[in-house]
Amino acid sequence: MNRLATQTSPYLLQHAENPVEWYPWGEEALSRAREEDKPILLSVGYAACHWCHVMAHESFEDPGTAALMNEHFVNIKVDREERPDVDGIYMDAVAAMTGHGGWPLTVFLTPEGEPFLGGTYFPPEPRHGLPSFREVLLAVSQLYRERRDDVARRSETMLEALRQAASSPPSSEPLTESLLLQAVRRLGELHDPEWGGFGGAPKFPPASALELLIRRGVSDLAASTLDAMAAGGMYDLVGGGFHRYSVDRHWLVPHFEKMLYDNALLVPAYLHGWLVTGTERYREVVEETVAYMLRELRLEGGGFASSQDADTEGVEGLTYTWAPGEGAPEELFEPFEDARFVLRGELDPETRARLMRIREERPQPGRDDKAIASWNGLALAALAEAGRRLGRAEWVAEARELGEFLLGPLSDERGRLWRSLRAERASGAGFLDDYANAAHGLYELHVATGELRWLEEARRLALLAVELFADEERGGFFLAPAEGEQLVARKKDLIDHPIPSGNSMLAYVLLRLARIYGDDELERRAVGVLRLLGESLGRAPTELAWALNALDLYLATPREIAVIGPAESEVARAALEPYNPNAVVAFGPAAGVPLLAGKHYVDGKPAVYVCERSACRRPATEPAELGALA
């Protein structure tokens, strides 16, 4: 019996009619595997994944293949977005076995959940050096029945590697400016001088690395990537927003799924690029991408959906591509496949609106309508800052509603975050990145609105994250809480790809809060993350880019801006206008916030206090009195 019909995940529900006897991850499936002494076939994917759909159609919907799976295995289906802990552990295992990972993820486990073999996509017939999925199923079943000692050795080797990865000691080397210089130099070496980005195909949008380059003053290196990505192809010229990645080095032919997290991270990257370079196209991309998010991903009950599918009616990119005679300017055509084209170039507003009307009449891709706390936290930060800097009060209002959603429906009665919510049903307890990204977004909402509540909530969630996830022995933070389900290993997520890791983002948040609250313990916790990474920070900037942003903040001269009065006051707007990523901001007056202590209105006027290392200048009540803050 297929047991997925009652699940919350749209990805699992996509498989609820398969002839495979799927279980969701849980004790029922593990118990059956132990009772029947059967290996587990774990399949992990997500709703917008093109190759997940391909393997489902070729294998999981095929009665013959399903019969083999049901006979020889206990089959478990996992949405990697709902269970990043399960996905992370077994993805690490497969990457260690094969040298690469990806989705769909296919892993074979002992009844105790220990991995012993795995891969990603397997075709229905042998091709491109890959065995057929049926051949894999029969070979793994035979291995488990006849060579149990080999299985035990394989699983023990894998488990030891997973445990060691989570127990690496912190570095004793000093955290210095040289790591940042080395990282920027390495990005220059990896940079594609013709098309931007770092390395060859496929190319994923490197939002965190671009943020690092912009804040380090290397905006020319960032600009080449911002320009190339925005030219069209991976960027949707008609509807706005970015597809997940480009299969080529030109940012031209994408995998067409659109993820909330990519767009939420690229909005501030382009916003900061605009602030530093003045390039008007970057501002346009911000406006178009936010408009896309609000139009296509905003959920009626609150929050933002996770993604849109790569496929429409089983055809990848059908909604987004064009054929001759369909109304798109053919001089902008670049070949895709099946006599269809993607657009690259410039569209005037009238043409863009006309093509959007045509496209809205087409079948539309499916939408994964679960709201993930982590990704909604990133969206909150993007909306709040973009709304503030571009003077879009309606975006700030949307951000305020999103903050209420995170602290309301996406939180339990104790004020702890759920991982995700769909149809008023929560998927389970939140993970480290949920707390880190939500706290980050709430801080940005405080800066955008001047409302103290959001700062207090950011601090509450950050302290709760320390309580739930901290590794008191080695520093840093585990992905899942100690009180949660105990898997075969406990993972620390330290890689900032495709989004900032929970460790990097929480370190960044804790450093900001440490300066606002004068809390050395919060800074110590943040530095513990950076020490786990040590010299790798300089050598692997594309994988550790957000951690490098946190390091840049840590090493910068502390700059604190205390604003007494409303966010819309002229002096407040002037104080916060410059791009100064290493400054922290708090609005008052308020008791209980050390940065705001003793600071008041001046002669009844709103005032800004600019402080460095807790020593404050004379308060400014007029923009001209502020001096250079950047």
Side-chain angles (χ1 to χ4, degrees), residues 1-36 38 40-49 52-53 55-57 59-63 65-67 69-71 73-87 89-90 103-107 109 111 113 299-309 366-376 405 408-413 416-431 434 480-481 484-487:
M1 181 178 70
N2 188 314
R3 293 163 172 81
L4 300 183
T6 61
Q7 296 300 298
T8 59
S9 159
Y11 175 65
L12 298 191
L13 293 173
Q14 288 172 0
H15 294 81
E17 301 298 324
N18 292 168
V20 178
E21 295 176 2
W22 291 118
Y23 286 82
W25 180 270
E27 184 55 36
E28 183 183 3
L30 298 172
S31 294
R32 182 183 164 195
R34 290 191 295 267
E35 290 167 5
E36 299 182 10
K38 277 187 174 181
I40 293 166
L41 191 164
L42 174 66
S43 176
V44 184
Y46 59 102
C49 167
C52 300
H53 299 328
M55 190 167 177
H57 178 67
S59 295
F60 304 147
E61 295 172 11
D62 176 64
T65 304
M69 295 171 67
N70 297 336
E71 178 183 357
F73 301 92
V74 172
N75 303 291
I76 299 179
K77 177 63 74 173
V78 166
D79 182 340
R80 64 121 174 167
E81 296 169 356
E82 280 194 345
R83 292 301 301 263
D85 55 339
V86 174
D87 173 60
I89 287 170
Y90 295 114
W103 298 278
L105 182 68
T106 307
V107 199
L109 318 177
L299 295 169
E300 186 175 338
F304 286 82
S306 300
S307 62
Q308 288 177 299
D309 210 320
R367 185 175 74 167
D368 184 335
D369 59 354
K370 67 178 181 293
I372 297 174
S374 170
W375 304 358
N376 274 267
F405 179 72
L410 259 175
S411 296
D412 67 14
E413 66 280 357
R416 296 188 178 190
L417 291 169
W418 298 115
R419 171 61 176 179
S420 67
L421 189 73
R422 181 177 182 270
E424 300 183 351
R425 292 178 59 201
S427 65
F431 295 95
D434 296 304
E485 178 185 357
Q486 300 304 302
L487 303 176

**Request:** Return the set of residues passing side chain to side chain donor-acceptor pair (under 3.5 Å) with S59 (not counting sequence neighbours), or none when no residue passes.
**Result:**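 Listed in chain order: nothing, the list is empty.
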**Request:** Decide yes or no for V20 and N70: does some side-chain heavy atom of the first lie under 4.5 Å from some side-chain heavy atom of the second?
**Result:** yes
**Asked** Are any of the side-chain heavy atoms of Q7 and D79 separated by less than 4.5 Å?
**Response**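 In short, these two side chains do not touch, never coming nearer than 4.5 Å.
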Donor-acceptor contacts, no H, no angles, side chain residues 300-308, under 3.5 Å, sequence neighbours left out:
| unit_1 | atom_1 | unit_2 | atom_2 | d |
| --- | --- | --- | --- | --- |
| S306 | OG | K370 | O | 2.7 |
| Q308 | OE1 | Y292 | OH | 2.6 |
| Q308 | NE2 | E296 | OE1 | 3.3 |

Rounded to the nearest 0.5 Å, how far does [atom2] of [Y] lie from [atom1] of [X]?
X	Y	atom1	atom2	result
E21	M69	CD	CE	10.0 Å
R419	F431	CZ	CZ	6.5 Å
S31	E36	OG	CD	11.0 Å
L12	W25	CG	CH2	13.0 Å

Has [X] got a side-chain atom pairing as donor or acceptor with [Y]'s backbone, closer than 3.5 angstrom?
X	Y	result
R80	V78	no
D434	S374	yes
D87	E81	no
E424	R422	no
H53	A47	yes

**Prompt:** Does atom CD of E485 have more than 12 heavy-atom neighbours, drawn from other residues, nucleotides or ligands, at distances under 6.0 Å?
**Reply:** yes
**Request:** Please work out which of the three classes, parallel, tilted or perpendicular, describes the rings of W103 and Y46, given edges at 30° and 60°.
**Result:** perpendicular
